[in-house]
Amino acid sequence: MKDALGSVQSILVVGGGSDIAQATVRRLVADRTRTVVLAARDTGRLEPFVHELRESGAEAAELLPFEAGADDPDTAIDAAFGRHGDIDVVLVAFGVLGDDHVARERLDAARHILEINFTSAALVSLAAARRLRAQGHGTLVVLSSVAGERVRRSNFVYGASKAGIDAFAQGVADWLHGTGVRVLVVRPGFVRTKMTEGRKAPPLATTPEAVADAILDGLRRGADTIWVPRGLRLVMSVLRHLPRGVFRRLDL
Amino acid sequence: VASTDLEDSGSPTLLTGWGRTAPSRAAVYRPGGAVELAALLANGHPRGALARGLGRCYGDAAQNAGGQVFATDGLAYLREFDSERGQVTVGAGMVLEALVDAIVPHGWFLHVTPGTRQVTVGGAIAADVHGKNHHRDGSFGQHVRSFVLLTPSGERLTLTPEDSPAAFWATAGGMGLTGVIVEARLQLLRVETARIRVHRERAGDLDQLMQRMEAGDRRHRYSVAWIDCLARGSALGRSVLVHGDHATRDDLHVTERAHPLVRSPQVHLRAPPWAPSGLLNRRSIRAFNELYFRRAPRHAEWRLESLDSFFYPLDALRDWNRLYGPRGLMQYQCVVPFGQEDALRALLERISDAQCPSFLAVIKRMGAETGPLSFPMPGWTLAVDMPAGRGALGPLLDGLDQLVAEAGGRIYLAKDSRLRPELLTAMYPRLEEWRRVRRELDPNGRMRSDLARRLSLA
């Protein structure tokens, strides 16, 4: 159960290999989370991380094989809830950055980005939302991106997929309002992770640890949407309201 | 999935405790009586069931996320009142306010009353509440002659402390996890008037307070100290000490002696439904504390007060919890055994160092221990209200828990909303004893609450 100060006792991460997810789980276990379920495609790679979590106080830290886009979300979510009882937080963290230049030319590449980031993330969110609703409490945390807040031409395939999941998560939040279940939409800017390795970091680039801190703070406050770093909220607000003609001319 | 069950029957309701933190949703049923309640309980829900009175526990004790919650307002009846012997049989949903109104005109009062009348008899038993006279009269449960418990397996048990002490004391203080209390018979206290002789004095620091409290407790039925948690250094423990006894007819003014049991109506105000989260901040609390301390006489002084203003000052302001704003409030209440006065001092020092704005902070001495999950034990209890939204609160309270556990003390489950489950066995060493009795009364673990889930209580 979540406590009065927003600390949680159990978490299911879908996309357990994500750097942001791992940083978040580390912090939660350092607080008072004792049950961690990591659903991921390559569970073998996560063994050391699970070991680390047990060392640092997690009573139950388990892996659950799940491949976004291939496996049935309901089955995976049911397995996690069935085995561990109540889950306070479900973090939907998987996603692909892809290469927009390739995606523009090859439909299968575009399809992969759209299916993983939108369709699959939306279905996992929906499956989790239903379980949380039946449970009567819990928080669904969805990793969106500022890239979805105003889609830029340089990565519009990725951006549109994130715009989609962001809107979907907001819809889930409104649907579940008053049910004891909350949805936290996380909009990081550029995060230095495995996913963005080798890319040039823009100004206001952030780290998985900073995103994790912001997520914990958001959980404590019961926030609906958070931007990381916080200043991006203002930046995006300006960008969002730029007229198309002006926005198009920006080199973004 | 249970979601369909939730929609089918009962009304899905978002519930919180008095502190308005950590809401969860349950299907709330309003059974009209014990028979209907027994039928609902027999039905069995995958996420269990729990009775809820007026929801005055601060934390999540009266919530059952995703399961069933039985409101007890259908059990708010007075079955029998023996005004000779001062015994009353009431439904578990009977609110203390109504009960007090019914008995005082006949010269009786509750043997033990908490600081609010807005609790049900069932809730008062389940939390085994205490009052300002705990040092001599014990807890609420000690004045319950018997109660009727519906168990999840469909039994209707009449429990008394003489014939069934284990089940009685696992239920009194058992936080609703052994079944549903439907009716209780209480022993009342004879009073001559509806007034209290009150004695208020200032104590400049903690040593003075403890010393005077110990002396005063031997002479007076009621005692409590309001303490200024923002005072530091040599003023640490600065407080207003209050002692009281039921006034006799002779204590009253001559003109009032003809109608000694008449109560003057209490003015009721209601807090606004919306308050900004920063309303009760360090500055406003400091100003209040200063005024409150200065208002108390420097030297002891006697005066008469009404029962209502002495026992229930906050009842005059309905929904006062809203003043803490949307982030809610929490109350930290702990007890440390006598002999651990250093721990009490350390607790106060930490609270005062954190400059945690507390509107209501009280200290009192407690008497004997009762049930395995009952809060009271011989020692000093400290209760501190605080706004829940402050960032540094978590580490501060975790540190206080540690001090309390090391001192052999405990925190009050009816107030708790954030204890680390690891500390529960240290604080409640008779937990296993309680769990054994609970397993007999509820072998399938059907009675559940958010508190029980959070602390792995059952």
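Chain identifiers are assigned alphabetically (A, B, ...) following the order of the sequence lines, protein sequences preceding nucleic acid strands; residue numbering begins at 1 within each chain. Values below: every heavy atom of this structure, side chains too, minus hydrogens, waters and symmetry copies.
- In this structure, chain B has heavy atoms under 4.5 Å from both the backbone and the side chain of A/Thr179.
- Atom CZ of A/Arg230 has 12 or fewer heavy atoms from other residues, nucleotides or ligands within 6.0 Å.
- By the 4.5 Å heavy-atom criterion applied to side chains, A/Met1 and B/Gln63 are not counted as neighbours.
- Of all the listed residues (B/Leu451, B/Asp398, B/Leu397), the one sharing the greatest number of non-hydrogen pairs under 4.5 Å with chain A is B/Asp398.
- No side-chain heavy atom of A/Arg34 sits less than 4.5 Å from a side-chain heavy atom of B/Pro421.
- For the atom pair CZ of A/Arg32 and CZ of B/Arg454, the computed distance is 8.5 Å after rounding to the nearest 0.5 Å.
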query = Would A/Asp86 and B/Arg47 count as a side-chain contact (heavy atoms from CB on, under 4.5 Å) if you check the C-alpha gap in whole Å, the side-chain angles of each, and the deciding distance to 0.1 Å?
reply = CA-CA 10 Å; A/Asp86 284 20; B/Arg47 290 186 63 83; 2.8 Å; yes
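- Separating the NE2 atom in A/His137 from the CG atom in B/Leu14 is a distance of 12.5 Å, to the nearest 0.5 Å.
- The main-chain N or O of B/Ala65 is never found under 3.5 Å from a side-chain atom of A/Gln135 such that the two would form a donor-acceptor pair.
- The shortest non-hydrogen separation linking A/Lys2 to B/Ala22 is O-CB, 4.0 Å.
- Only the backbone of B/Leu419 comes within contact range of chain A, judged by heavy atoms closer than 4.5 Å.
- Among all heavy-atom pairs drawn from B/Arg420 and A/Asp31, the shortest one is NH1-O, 3.5 Å.
- More than 12 heavy atoms of other shown residues, nucleotides or ligands fall within 6.0 angstrom of atom CZ in B/Arg435.
- In this structure, B/Thr21 OG1 and A/Leu5 CG are separated by 8.0 Å, a value rounded to the nearest 0.5 Å.
- Looking at B/Arg327, only its side chain comes within 4.5 Å of chain A, counting heavy atoms on both sides.
- In terms of non-hydrogen atom pairs under 4.5 Å with chain A, the most contact-rich of B/Gly17, B/Ser24, B/Gly328 is B/Ser24.
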